[in-house]
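Atoms within each ligand, like the ligands themselves, are counted from 1 in listed order. If you're wondering where the values come from, they're calculated on a predicted model, not measured in any experiment. The chain is numbered in sequence order, starting from 1.
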Amino acid sequence: MEKDRVTIFDTTLRDGEQSPGASMTPAEKLRIARALDELGVDVIEAGFPISSPDDLLAVRKVARELRRPVVAALARANSKDLEKAAESLEEAERPRIHTFIATSPIHLERKLRISEDECVERTRAAVEQARRYVDDVEFSAEDATRTPLPFLARVVAAAIEAGATTINLPDTVGYARPEDIASMIRELREMLPALDSVIVSVHCHDDLGLATANSLAGVDAGARQIECAINGLGERAGNAALEEVVMALHVRTDSSEPRTGIRTERIYPTSRLLSGIIGIHPQPNKAIVGRNAFAHEAGIHQDGMLKERSTYEIMDPRSVGVPRSRLVLGKHSGRHALQSRFRELGHEVKDEDLERAYRLFKLLADQKKEILDEDLLSILHHGTMDDVPDHYRFEELEVSCGGRWSTARATIRVDGGEPRSATARSDGPIAAAFAAVDQLVGKEVALENLEIRSATPGRDAVGEVTLQVRVAGRGFSGRGASTDVVHAAVRAYLQALNKSEQAVALEARSLAANSDLWGV
Ligand code: KIV
Ligand code: ZN
């Protein structure tokens with residue numbers, strides 16, 4: 001076991017996606033996976049293939065394209081899940097199957113309703129089956145931190161005997177404190193010397209705000225893999241934030257902490273890419289990637305910073321990729337300036353995307369005097385690289401509001417056909433616009449959440465709308481940006497509806513493929 005190197009296992013695309021409102025299309029996942037590869041993560045957990053055809057496709061796409069990192073697929077400890085995981089990884093250069101079963105008394109008795117013996121047997125069978133497909137098998141004892149140690153040792157021993165190469169000990173419900181994680185690993189090692197033959201991993205949730213501290217305590221006790229997610233995305237309060245655990249290991253060079261293979265200057269661009277795609281932004285005071293993480297407000301602090309930065313700064317913002325300046329572009333800036341600013345912001349934009357971005361940039365420059373970095377990122381995430389097919393295409397919107405009722409006339413094209421318009425009335429302009437769109441698409445759409453934020457400062461700011469809808473029982477998110485928030489909302493709404501069309505088409509294709517397979 002390599003002692004001074006910690007494997008960074010990124011689960012943004014799997015546990016991260018389980019965060020409410022963070023669902024991503026396969027193409028969006030691929031885009032994030034490419035950024036994770038550039039960031040230097042060792043393992044990308046690309047999804048949970050049995051959970052949906054979308055997830056299966058996402059893992060396939062990531063596995064097919066990325067050759068350097070290990071690509072992992074999640075599977076419960078049962079035969080069908082494992083088959084799907086193996087299928088999703090067929091084209092991977094470095095495949096890993098990550099199989100798990102709950103081990104705590106509450107999960108065994110109330111959720112799985114199985115005995116301890118059965119749990120051990122399922123573990124053994126699952127790991128053996130996974131090893132028949134791939135050499136790299138990770139086993140997780142879900143809710144490990146609430147599992148009595150003697151039983152945890154039994155399950156882990158079975159997993160190692162069956163061929164697991166990584167043993168993950170998740171704090172599934174974020175209940176543990178750092179000393180609990182450290183003693184769990186140390187005591188387990190004493191009880192089970194075979195643990196030294198595998199990589200021990202930690203997977204900490206942030207329900208008590210301790211995920212980073214717990215992960216580091218795990219490393220102190222000998223864990224050599226940390227499971228984490230960009231911006232701390234994940235179930236409930238999230239997973240340990242990749243940027244926090246990595247920078248904690250990199251900044252404290254005075255201690256004998258092991259290091260990671262992360263290219264830290266890619267942290268900020270990756271964080272921005274993710275929040276741009278899912279529309280969930282880290283809070284301003286979020287460590288490392290929040291808007292205020294390197295802002296110094298108090299006079300004494302500013303004075304100290306001017307005299308010597310290290311008085312109040314423990315890391316150089318550039319070391320995590322925060323751009324040096326907020327360069328302002330304007331109406332007269334050319335393609336070249338735009339391209340090089342995107343590059344400085346950490347995005348290599350392909351020629352065809354640059355053309356589209358430049359057209360949007362010019363349109364925006366007619367409305368705004370100064371185009372800031374945030375505007376550019378907004379153009380990039382909302383106006384270009386849009387990989388959801390335009391089944392419903394936005395054409396025009398006219399709104400009248402301010403009185404008791406608002407009225408909206410929306411015009412869209414369906415499947416490239418002639419433009420069609422509808423008019424609706426409601427108690428607000430966005431509701432009226434959505435009602436008009438509903439008439440045109442003829443679907444029952446439940447709006448579950450809608451957020452509006454200003455992407456840039458000033459009166460002529462770009463407004464970003466993020467929303468979640470439910471169509472036929474399935475959740476989809478949409479994002480749109482414009483200097484007019486009602487337009488942004490309709491674009492976001494149509495994007496979510498386009499995703500729902502895409503999911504239906506994918507499902508139909510996967511059903512057809514399976515029926516060929518089964519000969520029905
Ligand atoms: O939190 C958890 O226990 C998990 C497992 C599937 C590893 O996400
Ligand atoms: Zn988890």
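Annotation: His205 places an N or O atom under 3.5 Å from an N or O atom of ligand 1; distance criterion only. Ligand 1 has no N or O atom lying under 3.5 Å from any N or O atom of Glu227, backbone or side chain.
Looking at Thr172 against ligand 1, both its backbone and its side chain come within 4.0 Å, counting heavy atoms. Counting heavy atoms under 4.0 Å from ligand 1, residue His98 touches it through the side chain alone. Residue Glu235 does not touch ligand 1, judged by heavy-atom distances below 4.0 Å.
Under 2.8 Å from the Zn ion (ligand 2) lies no N/O/S atom of Glu235, from backbone or side chain alike.
As for His205, its N/O/S atom nearest the Zn ion (ligand 2) is the one called NE2. Among heteroatoms of the N, O or S kind in Asp15, OD2 lies nearest the Zn ion (ligand 2).
The shortest separation from a heavy atom of Arg14 to ligand 1 is under 4.0 Å, placing the residue in contact.
Atoms of ligand 1 lying under 4.0 Å from at least one heavy atom of Glu142, given by number and element, are 3 (O).
At the top of the distance list for atom 4 (C) of ligand 1, counting protein heavy atoms only, stands His203 NE2, 3.5 Å.
Note: Phe9 and His98 have perpendicular aromatic rings, judged against thresholds of 30 and 60 degrees for the angle between ring planes.
Applying side chain to side chain contact (heavy atoms under 4.5 Å, CB included) to Glu17 and the options Asp55, Leu233, Ile278 leaves one that passes, Asp55.
Met24 is listed as a side-chain neighbour of Leu13, based on a closest heavy-atom distance under 4.5 Å. Put simply, the side chain of Leu74 does not reach to within 4.5 Å of the side chain of Thr11, judged on heavy atoms.
Using modelled atom types, one finds a donor on one side chain and an acceptor on the other under 3.5 Å when comparing Glu138 with Gln225.
We find that Arg113 and Glu109 are not joined by a salt bridge, their nearest charged nitrogen and carboxylate oxygen being 4.0 Å or further apart. For Lys286 and Glu244, the salt-bridge test passes: some basic side-chain N is under 4.0 Å from an acidic carboxylate O.
Considering every non-hydrogen atom in both Ala182 and Ala217, the closest pair reads CB-O, 4.1 Å.
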